[in-house]
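Each chain gets a letter, A, B and so on, in the order the sequences are listed, and its residues count up from 1.
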Amino acid sequence: MKLTDITRLVEGNLLTSDSNLDWEIRGACGADLMSDVLAAIQPDAILLTGLCNPQVVRTAQMADVRAIIFVRGKRPSQETIQLAEQENIPLISSAYGMFELCGRLYQAGLPSLEVNLDCEE
Amino acid sequence: MNLQTIMDELGLTCLTQGRNFTTITPTSGYASDLLSCVMAGAKSDGLWVTLQAHLNIIAIAALLELSAIIITENAQVEPAVVQKANEQGVTLLATPLSTFEVVGKLWALGLRAD
Amino acid sequence: MSSDQELYGRRGRVVTDMDAKDITRVEELAYDLKIQEVMTRDLVVASPTMKMREMLELLRNRRISGAPVLAGDKLVGILSLEDLVRAMSANDLDADVDKYMAKVLITVNGYESLVRALETFTRFKVGRLPVTDEHGKLIGMITKGDITRGILLAIQKDYQEEEVRRYRASHLFEDIVSDRTTIVMRYNIKKDNFLLGGNASSNIKRALVRLGATPQIARRCGIAIYEAEMNLIIHTTHGGRIKVEIEPQQIIMTASDDGPGIENVDLAVQPGYSTATNEVREMGFGAGMGLFNIKRIVDRMELTSTLGQGTRLRMIIFLERNESLGEATADQTSQGESAE
């Protein structure tokens, strides 16, 4: 699914300038724990999160996350936006909560892009 | 839609004491791993989806009178957490699925944020 | 080179007046680049005595949407498609260009920055501007499309420079001949500096990519060192140090600190075990998955700690032959632990 289509589905606002919305997004992950994102997310996913500090962008950069959606209309600081622009990670803000957004995107056919980690192993 | 149907449809495992889940009807869903957000945003009788398995989640669920917590990605739940949940009458459900997928399936079953 | 399509960027986005006022990422380039660097020099010029009908043909043939009007050497007006439309609807295509062209001339100087042109576009609601030199002589035309293209080219150049850096760095190991070549990078990590957390990891990941690491290797190293960096920020007494030793066949990353030390190392590696405060948890960290993550993602992890003295976390990723950095010789493949 293209990032443009996702932005439309979540009724989101693009916060970064000069972002490439033609990117193909392979799937999604909704999480607020960055260690979980680092551990489980597959490359080329979109991350939905309620956190909006610079570490979300750093995490995305390390884990090759394509783009980030901030839920509940959260807006990151200007520094975070600049960091995202520098690292080429589009940031999108949506007024809806995590539940609504996961529901909509899953319904639209976007798969989960997290590997199942068995902590028991 | 009652909790038993949801458990069957999603193949959830119940970690706490069994009860008649057909009498429990979650009225809304909420997904977040940030406890302060859940405190502010989750509604009573709601279903909370998270991968947090920390002891603090039980106090929040009891306080907000949530219908159940679904712990995703097989996050490891300590026996102390299960014990506390049983004491407080909180239902803990577990799944290997991700939060994204669980919410997607709940949404498809008709459960909404409000 | 200034047809209507030029108003659209390569990615189909229209640069509107709103954008012109509001651009952020490209702002720097908009200040750095001069108008004369991006303007169109190859001009199609009209004269005031040309007929509007000829003008229609000219614009159509050259696929442009306007042209400056020169009387001899002197810029006397500018004629755009809108002027043609006015003439057409008045059924007046036999009139002179002079009758319909805009005579109030707004110009910009070639040596001014792009921001100046953007401001002028916005202020006067025009889509094209004649560019003059310091003597007032016409040297080109600039449209929003020229600006978009100029900035895109500059960004592309940045990208190519990165490619060149990558090319040079990736040959480092071939160019330097020794029995065992190691690149060592060191970073000091400050305690509680949450905002800058990840800067070191970001630089490390970038360096690895430049040195020719595969995306998978760069990602694994990035994730592991980032968890370690956040641990130094969150859990130490005074922060700590990161050392990365890069060799063609292996990458060794070490994070060390001088306290407080871990009481039970085995417990610390257990998933979900955490001593983090609620505050840290609400920032998305401290869920007790960091060390567990690292252990999963690296090939070898060694964690040693003495309570009251400090902790040393050593992470090694081995590179398969097809992942190796540079053309490694057989000698370098022997990973002598004794060399440590």
Side-chain angles (χ1 to χ4, degrees), chain A residues 2-4 14-23 31-45 47 49-65 68 70 76-91 115 117-121, chain C residues 9-13 19 22-29 148 151-152 155 159 194-202 204-206 215-216 218-227 229-231 233-234 270-272 274 276 281-297:
Chain A
K2 289 244 191 298
L3 196 50
T4 25
L14 185 66
L15 305 177
T16 43
S17 51
D18 230 50
S19 298
N20 184 356
L21 296 182
D22 277 342
W23 267 338
D32 303 320
L33 297 181
M34 292 304 112
S35 281
D36 174 63
V37 177
L38 289 166
I41 202 166
Q42 298 293 293
D44 301 328
L47 170 66
T49 185
L51 270 184
C52 71
N53 56 44
Q55 297 313 320
V56 178
V57 177
R58 283 297 182 215
T59 300
Q61 187 202 355
M62 292 307 151
D64 296 333
V65 170
I68 302 167
F70 296 111
S77 65
Q78 199 54 43
E79 289 78 27
T80 306
I81 295 176
Q82 276 165 9
L83 181 64
E85 286 172 346
Q86 185 191 316
E87 301 301 344
N88 242 327
I89 298 168
L91 303 181
V115 280
L117 301 171
D118 206 341
C119 293
E120 309 288 339
E121 75 181 336
Chain C
R10 295 261 163 91
R11 288 160 292 176
R13 197 176 126 206
D19 291 333
D22 215 21
I23 284 170
T24 54
R25 189 193 182 292
V26 296
E27 217 163 44
E28 210 178 292
L29 282 169
T148 309
I151 287 176
L152 283 174
I155 290 170
Y159 175 75
F194 200 79
L195 281 179
L196 285 184
N199 272 7
S201 307
S202 174
I204 292 165
K205 187 178 177 188
R206 195 169 294 130
Q216 292 77 17
R219 186 173 189 268
R220 283 169 65 202
C221 289
I223 289 173
I225 199 65
Y226 180 55
E227 290 279 12
E229 185 179 355
M230 292 313 291
N231 277 348
I233 290 170
I234 294 167
Q270 289 291 309
S274 174
R281 283 172 197 270
E282 291 294 292
M283 290 194 288
F285 285 87
M289 295 300 291
L291 287 170
F292 179 74
N293 268 354
I294 293 172
K295 198 174 173 184
R296 262 187 54 246
I297 212 156

#### Entry: Atom pair CE (C:M230) and CE (A:M34), whose distance is rounded to the nearest 0.5 Å
10.5 Å

### Task
Ignoring hydrogens and angles, tell me if any N or O in the side chain of A:S19 forms a donor-acceptor pair with the backbone of A:L21 under 3.5 Å.
no

### Query
Relative to chain C, which segment of A:N53 carries a heavy atom at a distance below 4.5 Å: side chain, backbone, both, or neither?
side chain

### Query
For chain C, which of A:D32, A:D64, A:L83 has the most heavy-atom pairs under 4.5 Å?
A:D64

#### Entry: Heavy-atom proximity to chain A below 4.5 Å, by part of C:R220
neither

### Query
In terms of side-chain heavy atoms, does C:S202 have a donor or acceptor partner in A:R58 at a distance below 3.5 Å?
yes

### Task
Look at A:C52, A:P43, A:P54 and state which one has the largest set of heavy-atom pairs under 4.5 Å with chain C.
A:P43

### Query
Among A:Q61, A:E79, A:E87, A:Q55, who wins on heavy-atom pairs under 4.5 Å with chain C?
A:Q55

### Message
Report which part of A:T59 has an atom under 4.5 Å of a heavy atom belonging to chain C: side chain, backbone, both, or neither.
### Response
both

### Euclidean distance, C:Y226 OH relative to A:L38 CG, rounded to 0.5 Å
6.5 Å

### Task
Let me know if C:E282 has heavy atoms under 4.5 Å from chain A in its side chain, its backbone, both or neither.
backbone

### Message
Under 4.5 Å from any heavy atom of chain C, what part of A:L51 do you find: side chain, backbone, both or neither?
### Response
side chain

